[in-house]
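First up is the structure itself, then whatever we jot down about it.
Each chain gets a letter, A, B and so on, in the order the sequences are listed, and its residues count up from 1. Note that these values count all heavy atoms, side chains included, but never hydrogens, waters or copies made by symmetry.
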Amino acid sequence: MFAEIQEANFNQDSLYHRLLANANNVSKGNSGAIVTFTGLVRDSNASGTIEGIELEHYPGMTEDALKKLVEQAIARFSLNSAGAVHRVGKLYNQDPIVWVGCSAPHRQAAFDGAVFLMDMLKHSVPLWKKEFCGDKSDWVEAKASDDKAALQWMKEQV
Amino acid sequence: MFAEIQEANFNQDSLYHRLLANANNVSKGNSGAIVTFTGLVRDSNASGTIEGIELEHYPGMTEDALKKLVEQAIARFSLNSAGAVHRVGKLYNQDPIVWVGCSAPHRQAAFDGAVFLMDMLKHSVPLWKKEFCGDKSDWVEAKASDDKAALQWMKEQV
Amino acid sequence: MQIMIKTFAQTRELSQVPVLALSMPQGSTIAEVKTHLRSLNEKWSLALEGSILTARNHQLCDEKETLQENDEIAFFPPVTGG
Amino acid sequence: MQIMIKTFAQTRELSQVPVLALSMPQGSTIAEVKTHLRSLNEKWSLALEGSILTARNHQLCDEKETLQENDEIAFFPPVTGG
């Protein structure tokens with residue numbers, strides 16, 4: 001597994017092969033399904049056009065929380081491996097923000113793991129987005145729908 | 001959108017960027033979520049170890065069915081774009097078989113689109129797997145669980 | 001009326017006929033084509049046994065459909081791609 | 001008892017205090033730390049208003065928890081990553 005907070009961009013092919021190599025270390029030849037999610041900066045929000053976002057995090061806790069989440073996903077969905085990378089700092093429209101990947105014997109677990117990781121990440125990993133446009137900048141408000149998605153996973157937990 | 005049947009392998013980064021370029025042609029800067037699924041040959045089945053699979057298809061219809069499915073996914077989940085690539089011919093353990101990708105403003109639609117594409121592909125695109133090990137080879141039987149997943153989408157359809 | 005028959009996967013192996021040009025009476029249905037093929041020999045009977053899917057001109061279809069000149073009819077087992 | 005306070009995002013901007021070393025009586029709770037900070041000035045009152053989350057040594061926690069020497073307590077708004 002891997003869980004990283006970084007300013008640098010990431011490459012789809014490298015992350016995919018890193019995940020697959022991890023999965024093969026755990027259970028060689030057993031990965032039949034790999035799901036990845038990539039989040040990008042959209043060029044507008046409800047109030048209009050933006051130029052980008054500035055991502056603040058809590059150094060130390062962010063890494064811990066992301067790692068714990070990836071470990072939870074692996075245990076809960078019996079994944080062969082999972083990984084997550086989240087960028088921080090100044091990002092511009094269409095820049096990639098986050099990548100999560102899950103590898104499992106079959107597709108259902110890989111999809112569930114990736115949905116779980118994104119839902120929980122948006123609920124419990126200390127990261128904050130501030131959208132900017134020219135001199136103006138505004139903190140993004142947490143969405144009630146994101147809270148609901150995470151609470152659903154917590155309720156379903158055995 | 002794209003829908004392709006090919007013998008050659010594919011590259012994660014190329015497909016991801018092809019999907020994103022397509023999405024930006026449709027709605028520039030509006031893609032916030034990209035989900036990809038990759039299916040790989042697993043090295044064993046219920047009856048033991050295999051060496052690989054031979055994938056047969058129905059030239060002409062396979063391409064038509066896959067294209068139709070991708071178009072359905074885009075319309076049904078309001079995706080910015082979607083793509084699918086399925087390999088045919090002789091594939092060995094851990095070789096990639098299939099890739100699907102969906103791009104949408106938000107994550108729910110991108111995840112739903114990818115799950116839909118895989119469920120429906122396993123139900124309605126004319127492709128058949130034959131597993132081989134040494135001189136022995138056996139056709140893979142269709143799974144009832146795959147039928148059920150596809151029928152659920154057809155039932156939910158408005 | 002001339003139609004083209006195709007088979008795939010196990011259906012192809014059992015029938016030992018991947019492609020076949022067939023003459024059928026005007027207004028025949030796909031079910032009637034199946035009956036005709038089954039009557040040809042034991043291999044076709046075996047090949048068309050059980051839950052065999054049918055496509056007409058690249059579209060999955062029902063056995064009750066009536067054929068048209070130059071239709072391409074394919075018989076194959078449930079698909080297992082993905 | 002010495003503890004460390006950290007703030008992030010809007011809470012940091014409103015309080016104008018990203019880091020603060022604080023002395024609190026033995027056995028204080030996180031709720032008591034918040035009450036103390038609010039009493040310092042208007043900025044802290046504003047910063048700690050509404051649904052502010054609390055982490056204790058990098059774990060999200062409840063305000064009722066009792067502090068220990070050298071605890072790192074962080075206050076921040078609901079997270080918006082992903």
**Asked** Is chain D contacted by the side chain of A/L121, its backbone, both, or neither, given a heavy-atom distance below 4.5 Å?
**Response** both
**Message:** Under 4.5 Å from any heavy atom of chain D, what part of A/P59 do you find: side chain, backbone, both or neither?
**Reply:** both
**Item:** Within 6.0 Å of CD in A/Q108, more than 12 heavy atoms from elsewhere
**Value:** no
**Message:** Between A/E56 and A/K130, does any side-chain N to carboxylate O distance fall below 4.0 Å?
**Reply:** no
**Message:** Aromatic contact between A/F111 and A/F116, with the criterion being ring centroids under 6.0 Å apart: yes or no?
**Reply:** no
**Prompt:** For A/E54, is it the side chain, the backbone, both, or neither that has a heavy atom closer than 4.5 Å to a heavy atom of chain D?
**Reply:** neither
**Asked** In terms of heavy-atom proximity below 4.5 Å to chain D, should A/K143 be classed as side chain, backbone, both, or neither?
**Response** neither
**A/S124, part contacting chain D, at a heavy-atom distance under 4.5 Å** = both
**Request:** Count the heavy atoms belonging to other residues, nucleotides or ligands that lie under 6.0 Å from CD of A/E141, then report whether that count exceeds 12.
**Result:** no
**Prompt:** Which one of A/H86, A/K68, A/M118, A/H123 has the most heavy-atom pairs closer than 4.5 Å to chain D?
**Reply:** A/H86
**Item:** Within 6.0 Å of NZ in D/K43, more than 12 heavy atoms from elsewhere
**Value:** no
